[in-house]
Amino acid sequence: MLRRALPARPEARRILLGTLFSAVGRGLTLPFLFIYLTDVRGLTDTRAGLVIGWFGAVTLALSPLAGTFIDRFGARRVVLPCLVIEAIGVGSLALVDSTASAFGVMTLIAVGSSAIWAGQNTILASLTDDGERQRVFGLNFALLNLGIGTGGLISGAVVDVARPVTFEVIYLLDAVSYLTPALILLTLPHVGRRPVAATGAKAADRRTGGYLTVLRDRPFRRLVIFGLVLTTCGYAQIEVGFAAYSVRVVEVTPRVVAWALAANTVMIVLSQLLVIRRLEGRSRTRALATVGAVFAGAWLVLGAAGVVGSGNALLAALGVVACSAIFGFGETMLSPVMPALTNALATDELRGRYNAMSSMIFGISGVVGPVTAGPLIGAANGRVWVAVVVGGCLAASLLALSLRPLLTAAQDGRLTAAEAPEPEPARATRDTSPAA
């Protein structure tokens with residue numbers, strides 16, 4: 001299954017290797033930023049929260065500009081400097097000693113990260129064809145989780161709030177990890193350049209292009225709405241809603257929450273390749289609808305654990321862990337299908353903007369989800385929160401099903417690469433540059 005999931009082009013395989021290395025570095029620091037800023041650098045909880053929120057706001061604000069730059073200059077010219085900026089910013093976290101310096105460093109990191117996800121997806125899309133794109137995006141997600149999980153295990157064994165140097169070391173190692181994909185991209189001089197078709201476009205085409213054209217794409221507009229609903233009631237609830245409900249309502253210890261997140265990673269790494277294989281040749285919209293149902297099922301399991309509560313501590317803990325594992329299974333379906341469908345709808349000239357808007361879905365929901373989770377969990381002992389997130393996920397399933405009539409069979413993934421007709425030049429111009 002791994003051999004089948006690997007992309008045909010060696011350049012794409014090397015890009016995936018860079019994803020794995022950078023993910024290990026990300027995993028070293030991902031769970032500890034709030035603890036580092038408060039317990040090690042002395043920021044108050046409120047100021048640390050504002051610093052982290054500021055990072056999300058800046059990243060979200062710069063994402064549309066990143067998509068424009070990717071289309072105008074090519075993903076390579078945008079991703080390379082952003083990886084370097086990200087490395088400098090993450091390494092500088094080791095030197096933070098005040099609220100002001102924390103804001104400055106997080107601003108630098110936000111500038112770097114604003115274009116990396118959309119740029120790397122654009123590069124992967126340019127190195128793969130429609131038939132293998134879904135498999136490659138799924139493998140990319142599995143490698144991302146494998147790297148983050150590995151990094152988290154390493155850092156969890158070495159960091160100590162009583163020894164600030166341990167945190168400084170992991171942030172410096174994280175900085176080095178971001179330079180790995182940059183070095184790999186430098187060894188691929190023809191990868192990620194602007195397509196020839198885009199450079200030869202007529203001036204009239206350029207005037208009517210941009211985000212206005214992307215927003216006029218009715219199927220993609222429906223996909224964005226689906227993504228906003230699903231991620232707001234799904235992904236965005238993991239950091240705040242899931243953790244808060246588990247600790248305050250189910251009354252499990254933070255250690256159980258850590259085990260649950262580990263179960264999520266294990267589920268993704270072990271099942272992703274099998275799910276990719278099962279999704280091949282099947283409707284993408286039905287897969288997205290299934291994701292909504294799976295996420296809803298995961299929240300129902302967590303709600304049941306809340307009903308059990310302290311009456312049976314073991315059963316409650318198993319419910320929390322099971323919720324996270326079920327949620328991870330849903331992620332294995334969403335991760336290959338969402339970017340594959342996004343790039344099936346995109347044209348080469350606007351691919352950067354399509355991918356930027358897709359990444360903005362997670363940024364917007366990342367702001368809305370945590371803000372609404374607290375008050376909802378505080379109402380009726382968390383039952384209102386469970387009802388809202390379950391209902392939202394099921395509503396997302398209906399939105400996914402409503403998208404199917406707007407897609408061709410090829411866009412919906414119901415045709416194999418051999419059966420799919422050649423796309424019309426006006427809709428999907430192929431990349432004829434040396435980067436293709």
Side-chain angles (χ1 to χ4, degrees), residues 27 30-31 138 141-142 144-146 148-150 152-153 156 229-276 278-279 287-337 365 369-370 373 376-377 380-397:
L30 183 61
F141 183 71
L144 181 68
N145 278 272
L146 176 61
I148 289 175
T150 302
L153 288 173
V229 174
L230 182 73
T231 55
T232 299
C233 297
Y235 271 107
Q237 299 299 328
I238 289 293
E239 286 191 24
V240 176
F242 170 74
Y245 187 91
S246 298
V247 173
R248 296 178 182 176
V249 179
V250 187
E251 298 181 352
V252 298
T253 65
R255 178 170 292 182
V256 173
V257 176
W259 289 343
L261 295 178
N264 176 272
T265 300
V266 170
M267 171 64 78
I268 292 170
V269 172
L270 292 182
S271 64
Q272 182 70 83
L273 294 179
L274 179 61
V275 171
I276 292 172
R278 296 293 297 174
L279 287 175
L288 293 177
T290 303
V291 173
V294 172
F295 282 3
W299 295 138
L300 284 173
V301 170
L302 185 65
V307 173
V308 173
S310 57
N312 190 324
L314 177 60
L315 193 58
L318 289 176
V320 171
V321 174
C323 165
S324 187
I326 294 169
F327 193 92
F329 182 73
E331 291 179 81
T332 63
M333 289 185 282
L334 181 65
S335 61
V337 171
S365 63
L376 290 175
I377 289 175
N381 197 32
R383 288 192 291 273
V384 174
W385 176 79
V386 173
V388 169
V389 294
V390 169
C393 290
L394 294 178
S397 293

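All figures in this text were calculated on a predicted structure; none of them were measured in a lab.
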Undergrad: Can you give me the closest heavy-atom contact between A260 and V321, atom names plus distance?
TA: CB-CA, 3.9 Å
Undergrad: So, taking the atom named CG in L153 and the one named CD1 in I148, what distance separates them when rounded to the nearest 0.5 Å?
TA: 12.0 Å
Undergrad: Listed by chain and number, what are the side chain to side chain donor-acceptor pair (under 3.5 Å) partners of T150, not counting sequence neighbours?
TA: none
Undergrad: Using the side-chain hydrogen bond (donor to acceptor under 3.5 Å, both in side chains) rule, collect all pairs that involve residues 289-299, keeping only residues at least two apart or in two chains.
TA: none
Undergrad: So which atom in A305 and which in G319 form the shortest heavy-atom distance, rounded to 0.1 Å?
TA: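 Reported closest heavy-atom pair: CB-CA, 4.0 Å.
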Undergrad: With sequence neighbours left out, what residues match V388 under side chain to side chain contact (heavy atoms under 4.5 Å, CB included)?
TA: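 For V388 the side chain to side chain contact (heavy atoms under 4.5 Å, CB included) partners, ignoring immediate neighbours, are L376, V384.
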Undergrad: State, to 0.1 Å, how close C233 and C393 come at their nearest heavy-atom pair, and which atoms those are.
TA: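 Answer, listing the atom of C233 first, then C393: O-SG, 3.6 Å.
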Undergrad: Could you pull out all residues at least two apart from I268 that satisfy side chain to side chain contact (heavy atoms under 4.5 Å, CB included)?
TA: F141, N145, N264, Q272, E331, T332
Undergrad: Grab the two heavy atoms, one from P336 and one from L279, that are nearest each other, plus how far apart they are.
TA: CG-CD1, 3.9 Å
Undergrad: Compare all side-chain heavy atoms of S271 with those of F329 and state whether any distance is below 4.5 angstrom.
TA: yes
Undergrad: Where do F242 and V257 land on the side-chain contact (heavy atoms from CB on, under 4.5 Å) test, with the steps shown first?
TA: CA-CA 9 Å; F242 170 74; V257 176; 4.1 Å; yes
Undergrad: Which heavy atom in L394 sits nearest to a heavy atom in A293, and how many Å separate them?
TA: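 The answer is CD2-CA, 4.4 Å.
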Undergrad: For W259 and V320, what are the C-alpha separation, side-chain angles and deciding distance, and is it a side-chain contact (heavy atoms from CB on, under 4.5 Å)?
TA: CA-CA 9 Å; W259 289 343; V320 171; over 6 Å; no
Undergrad: How far apart are the closest heavy atoms of I377 and A244, and which atoms are they?
TA: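 Here I377 and A244 meet closest at CD1-CB, 3.8 Å.
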Undergrad: Taking side chain to side chain contact (heavy atoms under 4.5 Å, CB included) as the test, write out the residues that go with L270, two or more places apart.
TA: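 Partners of L270 by the side chain to side chain contact (heavy atoms under 4.5 Å, CB included) criterion, ordered by chain and then number, come out as V266.
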Undergrad: According to side chain to side chain donor-acceptor pair (under 3.5 Å), who are the partners of W385, at least two apart in sequence or on a separate chain?
TA: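 Scan of W385 (side chain to side chain donor-acceptor pair (under 3.5 Å), adjacent residues dropped) gives Q237.
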Undergrad: With distance as the sole test, does S324 use its side chain to make a donor-acceptor pair with the main-chain N or O of A263 at under 3.5 Å?
TA: no
Undergrad: Just jot down the side chain to side chain contact (heavy atoms under 4.5 Å, CB included) partners of R383, sequence neighbours excluded, or say none.
TA: A380, N381
Undergrad: Between V386 and L302, is any pair of side-chain heavy atoms under 4.5 Å apart?
TA: no
Undergrad: Decide yes or no for L230 and L334: does some side-chain heavy atom of the first lie under 4.5 Å from some side-chain heavy atom of the second?
TA: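 They are in side-chain contact.
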